[in-house]
Amino acid sequence: EGLFHAGQEPGKFELTATSGQIQGKASLELVLPPPVLTRLELSPAAVKLQTGQKYTFQIQGADQYGKTMPAKVQWQTTGGIMAADGVFTAGEEPGKFEIVAVAGQLQAKAVLEIVQPPSVLSRLEILPPSIKLQLGEKSAVRVQGYDQYGKPLPASVQWQATGGTILEDGQFQAGDKPGKFEIVATVAGSELRASASVVISAATPYLLLVAPKAIAVAPGQKIRYELA
């Protein structure tokens with residue numbers, strides 16, 4: 001029938017037709033079809049990020065011959081925002097999400113888990129925040145720490161006080177001078193700081209008043225005196 005079925009190997013070939021002692025030849029060149037995008041690969045296929053963290057995903061295309069080729073894709077994401085260049089910014093909501101790269105009928109997917117950053121000490125508070133004492137009096141003071149989410153955390157602090165002394169049992173003892181002073185708690189190696197105000201006043205002197213102050217008394221008479 002003269003029907004030629006091309007093979008799979010490209011190159012230049014020769015076609016020969018023979019009839020008795022007569023031959024006819026034709027040159028033939030087989031070429032591969034032009035490459036087309038047939039596969040997408042998104043890497044990494046799974047990743048764990050902290051809220052607000054940025055991460056760059058890589059998209060790779062391949063043709064029908066398995067050779068890599070560039071791929072222009074559209075992104076479909078949940079859990080954050082994906083830029084055109086593949087940089088993903090995680091949102092503030094923890095959970096498991098999916099990233100999809102789409103090129104025509106082709107898709108590539110990655111699984112994404114977003115977690116909150118570990119809890120770290122972010123704020124200090126001295127309790128009570130203000131103290132009023134008289135000279136030499138004591139008052140219990142303590143420090144409360146909080147993480148970045150507002151949850152209580154223990155805090156190991158260094159104390160500084162004016163107008164008195166922080167005792168080993170956690171009490172502040174007023175000194176011998178009245179005035180306005182401050183208690184400060186700090187964390188070594190950080191800028192965390194909390195303060196409480198202290199007002200120290202002199203002890204109020206008490207006077208005993210005897211009534212009656214002066215009275216004439218007859219011998220043997222009984223008198224009731226009152227103190228005020």
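The shortest non-hydrogen separation linking K72 to A103 is O-CB, 3.7 Å. In terms of heavy atoms, P128 sits closest to A196 at O-CB, 3.7 Å. A pairwise comparison of heavy atoms in V115 and E113 identifies CG1-OE2, 3.9 Å as the closest pair. Between M82 and T77, the shortest heavy-atom distance links the atoms CB-CG2, 3.5 Å. Taking every heavy atom of both residues into account, I59 and A108 meet most closely at CD1-CB, 4.3 Å. Residue D147 comes nearest to L153 through the heavy atom pair CB-CD1, 3.5 Å, listed as atom of the first residue, atom of the second, then distance.
If you take CD on Q173 and CG on L167, they are separated by 5.5 Å, rounding to the nearest 0.5 Å. From I126, atom CD1 reaches atom CD of E182 across 8.0 Å, with rounding to the nearest 0.5 Å. Rounded to the nearest 0.5 Å, atoms NZ (K54) and CG (L49) are 11.5 Å apart. Within the model, atoms CD of Q76 and CD1 of I99 stand 11.5 Å from one another, a figure rounded to the nearest 0.5 Å.
Remark: the backbone N or O of E41 is not paired with any side-chain donor or acceptor of S43 at under 3.5 angstrom. Proximity of a side-chain donor or acceptor of S130 to a complementary backbone N or O of S197 within less than 3.5 Å is not detected. Looking at Q148, its side chain does come within 3.5 Å of a backbone N or O of V120 through a donor-acceptor pair. A donor-acceptor pair under 3.5 Å is formed between the side chain of S190 and the backbone N or O of L192.
Side-chain contact between F172 and L133 is present, with heavy atoms from C-beta onward closer than 4.5 Å. Residues P33 and Y65 are in side-chain contact: their nearest non-hydrogen atoms beyond the backbone lie under 4.5 Å apart. Side-chain atoms of P44 and F57, non-hydrogen and from C-beta on, do get closer than 4.5 Å to each other.
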(request) Please test E125 against R193 for salt bridge (Lys or Arg N to Asp or Glu O under 4.0 Å), starting from the C-alpha separation and ending with a verdict. (result) CA-CA 8 Å; E125 182 181 8; R193 181 183 188 275; over 6 Å; no

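Hydrophobic clustering (side-chain heavy atoms under 4.5 Å, transitive across Ile, Leu, Val, Met, Phe, Trp, Tyr) groups V143 together with I166.
With V73 as the fixed residue, the side chain to side chain contact (heavy atoms under 4.5 Å, CB included) test singles out one of V102, L40, L42: L40.
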